[in-house]
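In this text, all values refer to a predicted model and were calculated from it rather than measured experimentally.
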Amino acid sequence: MLVVTCVKQVPDTTQVKIDPVKGTLIREGVPFIMNPFDTHALEESLRLKDEYGLRVAVISMGPPNTEVTLRKALALGASEAVLLSDRVFGGADTLATSMVLAEAINRLDQKEEVAVVLCGRQTIDGDTAQVGPGIATRLGYSQLTLVDRIENLDLQAKKVRVRRKLEGRHELVEAPLPVMIAVVQEINKPRYPTVPMRLMAESATVTLWDNKEMELSEETIGLKGSPTQVRKIFSPERAKGEILGDGTSKPEEAAHLLLDRLIEKDLLNL
């Protein structure tokens with residue numbers, strides 16, 4: 001059985017610059033990283049591999065340089081990597097993105113049964129948290145979001161039990177397989193690749209699927225298939241020295257907001 005992990009390559013948001021005239025990202029010279037929430041999804045898939053013997057396929061939709069991020073996933077222990085890259089995929093919103101990813105997972109399932117799809121809670125560039133549920137909806141899978149612990153995976157009975165992190169409480173939920181699980185960062189601490197695994201990943205195969213391979217209608221993918229489009233990106237003006245929230249009259253609230261932001265950016269060693 002297969003556990004499929006969806007990862008996205010995103011700009012390192014601490015170093016992003018915006019063209020003040022065009023209002024678009026200046027990509028030249030900007031380093032890219034694996035979406036921090038996805039690193040936790042990948043780690044959880046590797047733990048399922050270690051405990052249940054599942055194979056891990058990691059997939060990503062993006063430009064050709066996304067191969068770098070996929071090789072990092074291979075260095076961490078992913079069994080195979082698939083890059084979904086074609087100019088017609090460009091400009092996709094969450095609806096069109098979930099279309100391509102769902103079709104890729106469907107193709108993988110035709111070769112080897114998919115038991116679990118793992119996603120990060122959201123990406124740090126889009127912040128919508130819509131792609132994972134979109135994939136589950138298209139494939140007809142169960143969907144479990146905000147998961148901070150996988151309690152048990154029963155491959156024989158084809159069901160999974162997880163703990164969801166809600167505001168001020170947790171809940172235990174059981175769902176049938178196949179399932180899409182979107183995880184929060186508290187679920188685990190990602191591992192680091194070893195030197196031998198890094199060397200292995202450099203020569204490993206990253207499978208490329210373009211739209212000749214996928215055979216999707218161009219009316220349903222990329223910019224044409226996106227009912228929402230980004231017209232402009234800009235930074236809101238903010239007074240110098242401002243942190244978050246009302247730090248003067250509500251310091252505890254401001255501290256919690258700051259802590260959440262540091263955790264979101266994976267800047268704390270938790």
Side-chain angles (χ1 to χ4, degrees), residues 1-8 34-61 69-70 72-74 76-84 94 97-123 129-166 170-191 207 209:
M1 283 187 177
L2 202 61
V3 52
V4 179
T5 309
C6 303
V7 302
K8 184 180 182 183
M34 182 185 295
N35 176 47
F37 289 103
D38 298 345
T39 65
H40 297 281
L42 178 59
E43 172 61 31
E44 202 60 24
S45 69
L46 296 173
R47 294 185 183 200
L48 293 179
K49 175 186 176 184
D50 295 340
E51 185 169 355
Y52 298 99
L54 298 173
R55 289 199 330 112
V56 174
V58 59
I59 62 173
S60 185
M61 188 181 88
T69 292
L70 290 172
K72 289 179 180 176
L74 290 169
L76 288 165
S79 311
E80 63 177 295
V82 179
L83 172 59
L84 312 169
T94 56
T97 298
S98 64
M99 163 68 83
V100 177
L101 291 172
E103 177 57 25
I105 294 166
N106 185 46
R107 292 172 65 87
L108 289 169
D109 185 61
Q110 291 174 16
K111 298 178 181 177
E112 183 174 354
E113 183 179 356
V114 173
V116 180
V117 175
L118 273 163
C119 300
R121 185 185 74 178
Q122 64 194 71
T123 58
Q130 294 174 348
V131 171
I135 292 170
T137 299
R138 290 184 182 281
L139 292 173
Y141 286 11
S142 310
Q143 54 178 296
L144 299 170
T145 57
L146 301 175
V147 172
D148 72 350
R149 184 184 299 170
I150 296 178
E151 296 277 347
N152 183 58
L153 177 64
D154 189 334
L155 296 174
Q156 295 296 322
K158 292 186 178 299
K159 61 183 180 181
V160 65
R161 186 171 67 253
V162 305
R163 190 178 76 172
R164 300 183 69 228
K165 180 176 181 281
L166 306 178
H170 289 93
E171 70 175 11
L172 294 177
V173 181
E174 191 170 274
L177 302 181
V179 62
M180 188 290 301
I181 299 174
V183 304
V184 296
Q185 64 267 36
E186 292 87 352
I187 193 170
N188 57 42
K189 183 176 181 180
R191 68 190 69 183
T207 302
W209 286 351

Margin query: Any heavy-atom pair between the side chains of Asn188 and Val183 that's under 4.5 Å?
Written below: no
Checklist line | Ile150 and Arg47, any side-chain heavy atoms less than 4.5 Å apart | finding: no
Checklist line | Which atom of Leu42 lies closest to which atom of Met34, heavy atoms considered | finding: CD2-CE, 4.0 Å
Notebook entry, point to check: Donor-acceptor pair, Ser60 side chain versus Val7 backbone, under 3.5 Å?
Noted result: yes
Notebook entry, point to check: What pair of heavy atoms forms the shortest contact from Gly120 to Ala41, and how long is it?
Noted result: N-CB, 3.7 Å
Checklist line | Glu43/Lys189 salt bridge by N-O under 4.0 Å criterion | finding: no
Check: Can you name the nearest heavy-atom pair linking Gln122 to Asn35, along with the distance?
Finding: O-ND2, 2.9 Å
Check: Can you tell me how far the CD1 atom of Ile59 sits from the SG atom of Cys6, to the nearest 0.5 Å?
Finding: 4.0 Å
Next item on the list: State, to 0.1 Å, how close Val4 and Leu108 come at their nearest heavy-atom pair, and which atoms those are.
Entry: CG2-CD1, 4.1 Å
Note to self: Strictly distance-based, threshold 3.5 Å: is any side-chain N or O of Arg164 a donor or acceptor partner for the main-chain N or O of Thr145?
What the structure shows: yes
Margin query: When you measure from the side chain of Asp38 to the backbone of Lys8, do you find a donor-acceptor pair of N or O atoms at a distance under 3.5 Å?
Written below: yes
Notebook entry, point to check: Do Pro36 and Gln185 come close enough that some side-chain heavy atom pair is under 4.5 Å?
Noted result: no
Check: Tell me the salt bridge (charged side-chain N to carboxylate O under 4.0 Å, His left out) pairs involving residues 97-109, sequence neighbours left out?
Finding: Arg107-Glu213
Note to self: Between Lys159 and Asp154, does any NZ, NE, NH1 or NH2 come within less than 4.0 Å of an OD or OE carboxylate oxygen?
What the structure shows: no
Notebook entry, point to check: Does the pair Lys158/Glu113 count as a salt bridge with the N-to-O cut at 4.0 Å?
Noted result: yes
Check: Distance from Thr5 atom OG1 to Ile105 atom CD1, nearest 0.5 Å?
Finding: 9.5 Å
Item checked: Contact check, side chains of Arg163 and Leu172, non-hydrogen atoms, under 4.5 Å -> yes
Item checked: Between CD1 on residue Ile187 and CG on residue Leu146, distance to nearest 0.5 Å -> 11.0 Å
Margin query: With heavy-atom distances below 4.5 Å as the criterion, would you say the side chains of Leu118 and Val56 are in contact?
Written below: no
Check: Does Lys49 reach the main-chain N or O of Ser79 with its side chain, forming a donor-acceptor pair under 3.5 Å?
Finding: no
Item checked: Non-hydrogen atoms of Tyr141 and Met180 that approach each other most closely -> CB-N, 4.3 Å
Checklist line | Heavy-atom pair of closest approach, residues Lys165 and Val184 | finding: CD-CG2, 4.4 Å
Note to self: Glu51 vs Leu153, test: side chain to side chain contact (heavy atoms under 4.5 Å, CB included). Steps then yes/no.
What the structure shows: CA-CA 10 Å; Glu51 185 169 355; Leu153 177 64; over 6 Å; no
Note to self: Between Leu144 and Val173, is there a side-chain heavy-atom distance shorter than 4.5 Å?
What the structure shows: yes
Notebook entry, point to check: Is there a donor-acceptor pair closer than 3.5 Å between any side-chain N or O of Tyr52 and the backbone N or O of Leu155?
Noted result: no
